[in-house]
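Just below is one structure, and these are the notes that go with it.
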Amino acid sequence: MPDIQPRPHYHFTPAANWINDPNGLVHYQGEYHLFYQHHPENITWGPMHWGHAVCRDLVNWQHLPIALFPDENGVIFSGSAVIDWENTASFGRAAMVAIFTHNQNGHQSQSLAYSLDAGRTWRKYSGNPVLPSADGQRDFRDPKVFWYEGQADGHWVMCLTAGDRILFFTSPDLIHWTPSGQLGPIVNAAIGVWETPDLFELYVDSGPETRWILTIGVQDGAPAGGSGTMYFIGRFDGGTFTSENSEETLMWMDYGADFYAPQSWNNEPHQRRIMLGWMSNWQYANDTPATTWRGMFSLPRELSLSRTATGIHLVQRPIPELQLLRGNHHHWQDEIISPGTNLFAGIQGSSFEINANIKVGQDADGFGFRVRAGKGEETSIVYSPREQKITLDRTHSGQGSFHPGFSSSHTADLAPVNGNLILHIFVDQFSVEIFANDGQVTLSDSIFPAEDSFGLALFSKGGLVQLNTLDFYQLLKKPS
Ligand code: DQQ
């Protein structure tokens, strides 16, 4: 890595040093707040603080001073934020309240801090912690809190993780919490510690039917190796969540290796459910190439539910605001791609968007894209029509020897829809994110290519492929 470490063009990174989980995502008075796990003195994980940034369009982020510092109750682990419109906690009308885990030598409890000036300055609640862990319980963390309207007057709901389960609590005032339910452990338990839950309601297709979604970070044992995010679909009665997943099915949000600890925004002003995750993996998070900063966030994704022949599934689409980044555009339609040709001849880039609609025949053995190609390196996105699988291959993507688990390829099942495949791909300095078939399947990987690995190709292997349409946009560099 050069001394001056390059930045992604449009993915969020800390101004300096270490970040991991997104925390406290809340919208207030025109600003999207993004807090995050932060070690301000080192590029490796350490005593956790909450860093802070704000944004009006989910694209142009502004760094703000650190919001929460460690104190006598411990360091500040992950959590969420709400706006207490009705002053239920008596901190002040419309206080922004952060609900987070205090970690004191491995003992974890939940605490509060509040801000009366749109998140610029913070005070810890004097009665912290508000929810100590039961005796001897080690893992008890990452509270996600939201307001539940329900039939009566409404109340606060908290879900948090406790080892291999999720615990639910309710409260009238954010201070007094009553246990209200539990999910887990589940049958297929050969997976790591659960972390960073989120819980929210979505329409199935365009409604009126709804389901609740519970997302959970699993520290180890995800499909791409190491950490990953699973989800449950079910019902929530205001106190507890009941899963409708079949017992043996684990559903995963993303089939790449780098989408972890995601959280969604509370109070999103357009009633969208927008989520972003940390683009790393506890297998190698502390080892990735870095000199001055380490860690980045995924693109924000809008979530919805769709019912298909195999049941209800989460759908994730890049938010439309990302179109603000679009620069030079190339469009193709009705092209035949034959082995050895490259539609992108003369075009190169390190930060771009591809949206392709490709007819899936049985002629070619495979087709796809090579991106960030340079001297001896490339990252490939390959579709196999026979196996109906998509693979994101970063085995030769650039630096990878920093951890044995990094140089790997990641595969997901992906059937064509009406005979076609849609690949919506975002590439940046250190990442590839694939939203396939209009967000039905996603794969997100970090990569560490040379800065000048600009090569780009659309290829077919063993036969012809028909391209219906392809849009390519260079994506503009945002100030960091
Ligand atoms: N990271 C935080 C914890 C959380 C874990 C500590 C997930 O609160 O469980 O930095 O990455």
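Whatever order the structure lists them in is the order used to number ligands and atoms, beginning at 1. All of these numbers come straight from a predicted model, not from anything done at the bench.
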Exercise. Do T242 and R235 have a side chain donor and acceptor closer than 3.5 Å?
Worked result: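 Judged by distance alone, the side chains do not pair up.
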Exercise. Are the side chain of E195 and the backbone N or O of I216 linked by a donor-acceptor pair below 3.5 Å?
Worked result: no
Problem set entry | Under the ring-ring contact (aromatic ring centres under 6.0 Å, His included) test, residues paired with F241 that sit two or more places apart | none
Exercise. H33 and H52: aromatic ring centres closer than 6.0 Å?
Worked result: yes
Ligand 1 polar-atom proximity to protein (N/O, under 3.5 Å):
| unit_1 | atom_1 | unit_2 | atom_2 | d |
| --- | --- | --- | --- | --- |
| ligand 1 | 1 (N) | N20 | ND2 | 3.3 |
| ligand 1 | 1 (N) | D21 | OD2 | 2.9 |
| ligand 1 | 8 (O) | S78 | N | 3.1 |
| ligand 1 | 8 (O) | D142 | OD1 | 2.5 |
| ligand 1 | 9 (O) | R141 | NE | 2.6 |
| ligand 1 | 9 (O) | D142 | OD1 | 3.4 |
| ligand 1 | 9 (O) | D142 | OD2 | 2.6 |
| ligand 1 | 9 (O) | E195 | OE2 | 3.1 |
| ligand 1 | 10 (O) | N20 | ND2 | 3.0 |
| ligand 1 | 10 (O) | Q37 | OE1 | 2.7 |
| ligand 1 | 10 (O) | W45 | NE1 | 2.9 |
| ligand 1 | 11 (O) | D21 | OD1 | 2.8 |
| ligand 1 | 11 (O) | D21 | OD2 | 3.3 |
| ligand 1 | 11 (O) | W282 | NE1 | 2.9 |

For this session: Can you tell me which residue pairs pass the side-chain hydrogen bond (donor to acceptor under 3.5 Å, both in side chains) test with a partner in residues 68-77, sequence neighbours excluded?
Result: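 Residue pairs with at least one partner in residues 68-77: D71-H102, D71-K124.
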Problem set entry | Set of salt bridge (Lys or Arg N to Asp or Glu O under 4.0 Å) partners for R120, sequence neighbours left out | E31
